[in-house]
Structures are given as structure tokens and as C-alpha cells.
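One structure below.
What's counted below: heavy atoms across the whole structure, side chains too, no hydrogens, waters or symmetry copies. Naming convention: chains lettered A, B, ... in sequence-line order (proteins, then strands); numbering from 1 in each chain.
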Amino acid sequence: MIYINQLRNNIKQVAENLKQRGFELDVKTFEQLETERKTIQTKTEQLQAERNANAKAIGQAKTKGEDIQPLLEKVEHLGDELKVSEDKFRDIQEQLHQFLAAIPNVLDDSVPNGQSEEDNVEIRRWGEPTRFDFEPKDHVDLGERLGLMDFEMAAKLSGARFVVLYGALAKLQRALIQFMLDLHTMEHGYQEVYVPYLVNEASMFGTGQLPKFDNGFKLDFDPAYYLVPTAEVPVTNLVRDVILDVSDLPKKFVCHTACFRSESGSYGKDTRGMLRQHQFEKVEMVQIVKPEESEQILEGLTKNAETVLQKLKLSYRVVALCAGDIGFASAKTYDLEVWLPGQNRYREISSCSNFKDFQARRMKARFRDPKTGKIEYVHTLNGSGLAVGRTLIAIMENYQNKDGSIRIPEALQSYMGIETISV
RNA sequence: GGAGAGGUGGCUGAGUGGCCGAAAGCGGCGGUCUUGAAAACCGUUGAGCUCGCAAGGGCUCCGGGGGUUCGAAUCCCUCCCUCUCCGCCA
């Protein structure tokens, strides 16, 4: 959530910043709402003060045994007037809240200009695209030839955009989860956490999935549950409505969950294979940090995700998302893109973002600064470490042999107990 | 699913219509004492919104929402959550 004082004091600058990401800030509506709010709030609070003063006077008169009738007459009409005023005030506050809740995060100054994916800026590369002395297949051909990946069965069980994995491929996915969690907990200092896959509306709002981007799965309960689109939602919300002690920061969590996405609006996109599914596994890193540290921590978090790819010896590049491609809640995002021989290009496998205080304001996640004694909002960050399904794809495609068998990366061999998935 | 008991400040826990933003204790912070620390003692200590240059005002909040009343933590309705017992179950 944007800080309302930023709009009160610097609305022009904010509007310009948001315009870069293609968001048109409705300045006129805001100013109108604010003017109205001011008037009605002043009036409401005056009436409330009056009511309180009278109630007190009546109470005192009563204990003294005085006649309260004249006082009662005095406040006869106050109640109705106050109710009207309070209702109006509540209504205008709700309107303001909705207005603010729909505004995306202000972009960091370092975010490159641009409108789409095309304009993202490559920061660095690691490794070389894998070379083959044969024509490499994509993971669909490889998986089906192994008889261990079945999209038709998934369609029968569920529908499009699901997969069934058998045997060594199912185990490979499990090995990847294990490997990633071990790496982040044992070498990068994250605490592993297990969380619900169904969350409530407040949690979805807290991280910015609601109210604007309700493209997830809402379950028909009362109150509603949402299937988590990413572990970011439950894990970040661990600090919702909490005032943290400064000694608790930074908090570093790593969490494996299944993730559920409706993928509405992506019709016809990546329909082949398991690149874009309604359900996929992901290991997610989340950090809750002091504001002055978040910029640097984003770099570290990104490195943590890169380490997974490096240990798996998968070639990748890091891109800084441009203004037009960056997510609603993020101030700055790096994507990691892994080389996929089946597509002959780099594809997103991790997204690392600094949300600064945007999510923290929505969630009321704060800490007490011992120096000033003041309560401040924390900064939140997260990054995939990594998207497991896509890592599985990357391994299959990059480690394939001519005969369709797949070598197991060294780092995973102890988890798999084999060196090759044979045809 | 059935029966019951509860949800109050960082925590424990009083409070059944006005003197309650809320006793007391713990914890935190500051101080006295001490070479230092502990103990003891004294003081202090919720959050948010808003008006104001400031000093300082005002308002809201006792799980959420609604109601009764001049006045609600306290009474009524409703929803949510937690705990205990029974049933069922991984």
C-alpha cells in the first residue's frame, strides 16, 4: 500500500513514477476524496466530542442526584446527526482505502524504463548455453519417451495444464525440493517453514494479490479460502499485525509449497509441456528486514537463488525487469532465466523482488527501532529458489543424451541414488 | 458432527452500564544504590487517525460486524477464532 502522505505531498512525482509502469494515477479523484474526507472527519469528530462531553455530564449529574432531564433534552437530536455523519465518514474512508489499495508500488530509481519483457535489461550471464552434437529434444518428448511424464493422464484426471510424473521423474522433483531446502537452510542461513496451502482474504490482501489481481483459485467456503499462488503469501503474512523486535531482523524463511495459478489471461501461451501449469512446486525464500538493508539484501537473495543454478551447473542470465514488466507490489525485481535447449532460449526460473514497505503497510508488519523508540514498517523481499517444475525441465533438457536418457547433476546424485535416468 | 468454556495492552490476568485506554503482576525503558552486575526501591511504558508552525488539542480501538442506550470492554444479535470432552479420522 502506498503511503498516503506521499500522495498528499508529492502526488505529481508519484504519478510520474507510476506512469512508467503504465499506471495512470487519478489525481483528481484523490484530491476530491481527500477534501471530502477532511470535511466529514472534522465534523464527525466534533459531534463525537460533543456526545462524549454530554454523556460525561449526565453521568456526573446522576451520581450527584441532580435532575438530568434538561441535559437529556440537549442531546436529543445529536444521535441522529452523528449517525449520518459517521456513516458518511466510513463510506469516504472505504472509498479512499479502495483507491489506495489499487495503486501499485512506487518503482525504485534503478528500475530500467520500458514497456514489456523485451525491454528488460540483462545484468549478467553465467555459463554457456549447452551444446549438443545432436538435435536436442524438449522435456515433453524426453519425458514421454521415458514413459515417466503423462499429460494425457493429467488431462483425464483434471484438465489442461496439469501433469502426472512417474518413477525417476517424480523422484527427481522431490530430490530437487530437498536439495534446495538443504542448500538454503544449511548454507544460506534460512529457517525452513511449513505453511497452509489455503489462506484467507486478509493474507492475499497483505502481499498484494488482492483486491486487484484476483487471478487465483478462490474456494467456496465462508469466509473464502484461496489456494496459495506462491508460498510468498502465507510466509510473508507470518509477520502480519506483528511488531517485531529489532533483534529478530532480518528474518529469513525458506519454504516449499505447491503453487496454484489460474493462468487466466495466458491463453495459448506455453501450452506445451509443464512450463506453465495450474499446479507446480516451488521453493521460496522470504526475508523480513530493516528498511536501510533491503536494497543490499535483494542482491544477496538473488545470489542465493543463483547458487542453486550454479550447483546444478545450469546456464542462466540475470535480468532487471523494466518498469512495464514489474509486478504490482514490487519496487524492483530481478528475474533469473535458465537456458532451455528445447526452446533455444532463456526462460524465467526465479523472480527476486524487493517490496520495500509496500506489503508491510498492507500487513501492518512493523518493528520498534530501539534508537528512536519509534515503530516503523519493515521491508519485505522474496525470491524463488527455485521454481521446481521449471528446474526439472531445465535438467531434463540440458542433461539429455542422444538416446533420450538423462544424466543426474552431480549435486543431486546423493539424493537420487542413480547417475542416469535410462530409457 | 454433538456438548461446553473462552477471546481484554508485549505477556499473564482483573474488570457485568458512567469515576475504564482499561487494576495488578511480569516484561521493557530511565533512575537511585553498586567497582560492575544482581536484588531492592522510585519513575515511566499501547496502537492508529486527525487538527495545529509549534505548544497542545480532538477522535477511534477490549476478536470482526451490527444493535440497545444520553453513555458499552460490560447488555442483545450475528459471524470468526481458540480451548476441553465425545464421535469420526490421516
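- Seen from the ring of A:Phe205, A:Arg362 counts as a face-on cation partner, given the 6.0 Å and 45° thresholds.
- Going from atom CG of A:Asn200 over to atom P of B:C79 covers 19 Å, rounded to whole Å.
- Distance, A:Glu45 CD to B:G52 P: 12 Å, rounded to whole Å.
- Here A:Lys43 lies out of heavy-atom contact (under 4.0 Å) with every strand.
- Distance, A:Glu376 CD to B:G48 C1': 16 Å, rounded to whole Å.
- Nearest nucleotide to the side chain of A:Ala55, out of B:C51, B:C59, B:C70: B:C70.
- A cation-pi arrangement is present between A:Arg361 and A:Tyr3 under the rule of less than 6.0 angstrom and at most 45 degrees off the ring axis.
- Here B:G58 presents its C1' atom at 9 Å from CD of A:Gln46, a figure rounded to the nearest Å.
- Using a 4.0 Å heavy-atom distance criterion, A:Lys38 is classed as a sugar-phosphate-only contact.
- Checked by atom type and distance alone, the side chain of A:Lys252 never pairs as donor or acceptor with a backbone atom of A:Gln191 at under 3.5 Å.
- Contacts of A:Arg361 with the nucleic acid, taken as non-hydrogen atoms under 4.0 Å apart, are absent.
- Nucleic acid contact class of A:Asn52 (heavy atoms, under 4.0 Å, all strands): sugar-phosphate only.
- Rounded to an integer number of Å, the gap from A:Tyr3 OH to B:G48 P is 11 Å.
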